[in-house]
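Take a look at the structure set out below.
Residue numbers count from 1 along this sequence.
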Amino acid sequence: MPGKILVDITPLRVSRDFRLLFIGQLISMLGTQLTVVAIPYQVYRMTHSSLQVGAISLAQLFPFIAGALVAGPLGDSLDRRRIMLWTAGALSLTSAALAFNASTHHPSLLALYLVSSLAAAVNGFSNTARMASVPGLVERRHIPAAAAMMQITFQVGSVVGPALSGLLLGLGLPVVYGIDAGTFIVAIIATAMMAPIPGAEGPGLSPWESVKEGMRFLRGHQPLQGVYIIDINAMVFGMPRALFPAMAGSVFGGGTITLGFLYAAPGIGALIGALTTGWVAHLKRQGWGVILAVVAWGTAIAVFGLVDTLWVGLFMLAIAGWADVISAVLRNTILQTSIPDRFRSRMSSIQMAVVQGGPRLGDMESGAVATATSLEFSVVSGGLVCIAGAIIIGLLMPRFRAHLAAPDEIEDVAV
């Protein structure tokens with residue numbers, strides 16, 4: 001029963017440009033996830049402070065949001081393929097700069113803050129253009145499957161990248177950052193082979209007026225608002241990744257390999273979830289599906305905070321990752337099937353600000369709470385607040401809670 005349980009790979013078969021986008025994203029995501037581990041590891045090694053780990057993530061937040069919001073209006077009027085090309089080149093240079101800084105006798109913490117913040121701003125541009133491009137590469141009925149395939153690129157990177165980073169860190173930080181720089185070269189080649197992806201014809205508004213028009217559109221659509229708010233809730237309160245460098249040693253008694261496992265575990269669960277998302281295409285009550293997935297995520301994180309046995313902790317993180325990818329596929333489907341093409345980049349920019357900004361706020365929140373209380377209290381309380389937030393959002397936003405899949409989104413299960 002292809003597509004009933006396992007992920008539907010039809011978008012890869014029928015669209016050459018989607019295949020190229022998928023390959024470029026997969027390779028570059030592997031490198032990006034190496035850096036996701038390397039930066040907090042380097043900061044913690046230099047400062048021995050979970051608060052500093054959270055702070056460098058927070059420092060990346062506002063540049064990322066600025067990049068994503070600026071990319072929204074531009075992506076609705078310019079060639080999205082060209083945006084992806086230029087940003088991949090810029091990200092290769094920022095990773096090379098991180099490698100150079102790490103190779104010096106006394107690496108600069110300030111340089112680490114500045115370069116990683118610049119990379120975050122460029123990522124805001126890149127991710128917004130990439131997300132807005134997907135619906136134009138596949139037919140509408142294949143959008144849920146395409147959303148699941150793009151989740152696979154992220155989850156494969158989230159599994160292989162951190163685990164590999166835990167091993168490569170033994171060879172040195174410059175090696176890790178250098179590999180990341182190289183993966184963006186692959187992304188440039190794959191993107192260059194794609195056809196141009198022009199934005200929809202815009203109304204000729206100024207960038208500021210274009211942003212305001214997008215916000216007016218958002219205010220009139222509660223299901224879209226719910227998608228953004230519930231994801232912020234999950235990532236701010238239920239994402240304790242800033243604590244992993246400290247927990248690897250103090251809670252689980254390990255080193256860099258244990259750290260790599262902690263970062264990789266949610267990705268393992270998410271990858272399994274992404275590979276078995278065929279059933280999600282048949283789920284009619286998408287709003288309820290998102291709410292229940294976020295509750296499952298928060299529950300798994302809270303339990304993770306209560307254990308000190310590594311394999312149990314990794315198992316709970318994997319369950320959290322599985323729940324997260326189900327939520328992500330449903331949220332992306334709601335967004336991509338509810339947004340007219342002329343607003344697609346602008347709404348994608350908001351989504352990117354939420355998806356990438358939420359975890360960065362979560363890093364600061366978990367690091368600050370852990371500094372004031374304890375690692376365990378920070379993780380457990382965050383998971384419980386995440387559960388409560390999902391329930392409250394469901395109660396206060398009935399149109400989001402009751403959102404149903406459009407008839408043409410649900411495949412005929414008799415086929």
For the pair Y44 and H48, name the ring-plane relationship: parallel under 30°, tilted 30 to 60°, perpendicular over 60°.
perpendicular
Nearest atoms (heavy-atom pairs only) where Q222 meets F400:
OE1-N, 3.4 Å
Any sub-3.5 Å donor-acceptor pair from S103's side-chain atoms to F100's backbone N or O?
yes
For the side chain of W288 and the backbone of A402, is there at least one donor-acceptor N/O pair under 3.5 Å apart?
no
Kindly say whether L91 contributes a backbone atom to a donor-acceptor pair with the side chain of T94 at under 3.5 angstrom?
yes
Heavy-atom side-chain contact between I326 and V290 under 4.5 Å
no
Quick check: do C386 and W297 have side-chain heavy atoms less than 4.5 Å from each other?
yes
Is a donor on one side and an acceptor on the other found under 3.5 Å between the side chain of S15 and the backbone of P11?
no
Between CD1 on residue I291 and CD1 on residue I392, distance to nearest 0.5 Å:
12.0 Å
Within 6.0 angstrom of F315 CZ, more than 12 heavy atoms from elsewhere:
no
So, do M397 and I229 sit near enough that their side-chain heavy atoms are less than 4.5 Å apart?
yes
Examine distances only and state if a side-chain atom of S378 and a backbone atom of S366 form a donor-acceptor pair shorter than 3.5 Å.
yes
Measure from the side-chain N and O atoms of R19 to the backbone N and O of L12, and report whether any donor-acceptor pair falls under 3.5 Å.
yes
Find the distance between CG (L34) and CG (L169) and round it off to the nearest 0.5 Å.
8.5 Å
Checking the side chain of S126 only, and the main-chain atoms of V122 only, is there a donor and an acceptor separated by less than 3.5 Å?
no
What residues, two or more places apart in sequence or in another chain, satisfy side-chain contact (heavy atoms from CB on, under 4.5 Å) together with F62?
none
Just wondering, more than 12 heavy atoms not from F261 lying within 6.0 Å of its CZ?
no
Kindly indicate whether the side chain of W322, heavy atoms from C-beta on, has any atom under 4.5 Å from the side chain of I268.
no
Side-chain donor or acceptor of T32 paired with backbone N/O of S28 under 3.5 Å:
yes
Heavy-atom check, side chain of W311 versus side chain of M316, under 4.5 Å:
no
Would you call Q33 and L164 a side-chain contact if the rule is heavy atoms closer than 4.5 Å?
no
Could you give the distance from CE (M239) to CD1 (I301), rounded to the nearest 0.5 Å?
7.0 Å
Pairwise side-chain contact, F18 with M194, heavy-atom cut-off 4.5 Å (strictly under)
no
Using side-chain heavy atoms (C-beta onward) and a distance below 4.5 Å, is L137 in contact with L21?
yes
What one should report as the nearest heavy-atom pair of L317 and A265 is CB-CB, 3.7 Å
Least distance between heavy atoms, P245 atom then Y263 atom
CD-OH, 3.8 Å
Closest heavy-atom contact between Y113 and S117?
O-OG, 2.7 Å
Under 3.5 Å, side-chain donor or acceptor atoms of residues 53-60 against the rest of the protein: list the pairs with distances, not counting sequence neighbours.
from	atom 1	to	atom 2	distance (Å)
S57	OG	D363	OD2	2.5
Q60	OE1	R360	NE	3.2
Q60	OE1	R360	NH2	3.2
Q60	NE2	I56	O	3.4
Q60	NE2	S116	OG	3.4

Contact summary for A370 and L243, nearest pair of heavy atoms
CB-CD2, 3.6 Å
Residues 172-186 vs side chain to side chain donor-acceptor pair (under 3.5 Å), sequence neighbours excluded, gives T35-D180, Q42-Y177, S95-D180
For M46, I'd like to know if atom CE has over 12 heavy atoms of other residues, nucleotides or ligands within 6.0 Å.
yes
Considering non-hydrogen atoms only, spot the tightest contact between V294 and A390 and give its length.
CG1-CB, 3.7 Å
Say whether, by atom type as modelled, one donor and one acceptor occur between the side chain of R81 and the main chain of A192 under 3.5 angstrom.
yes
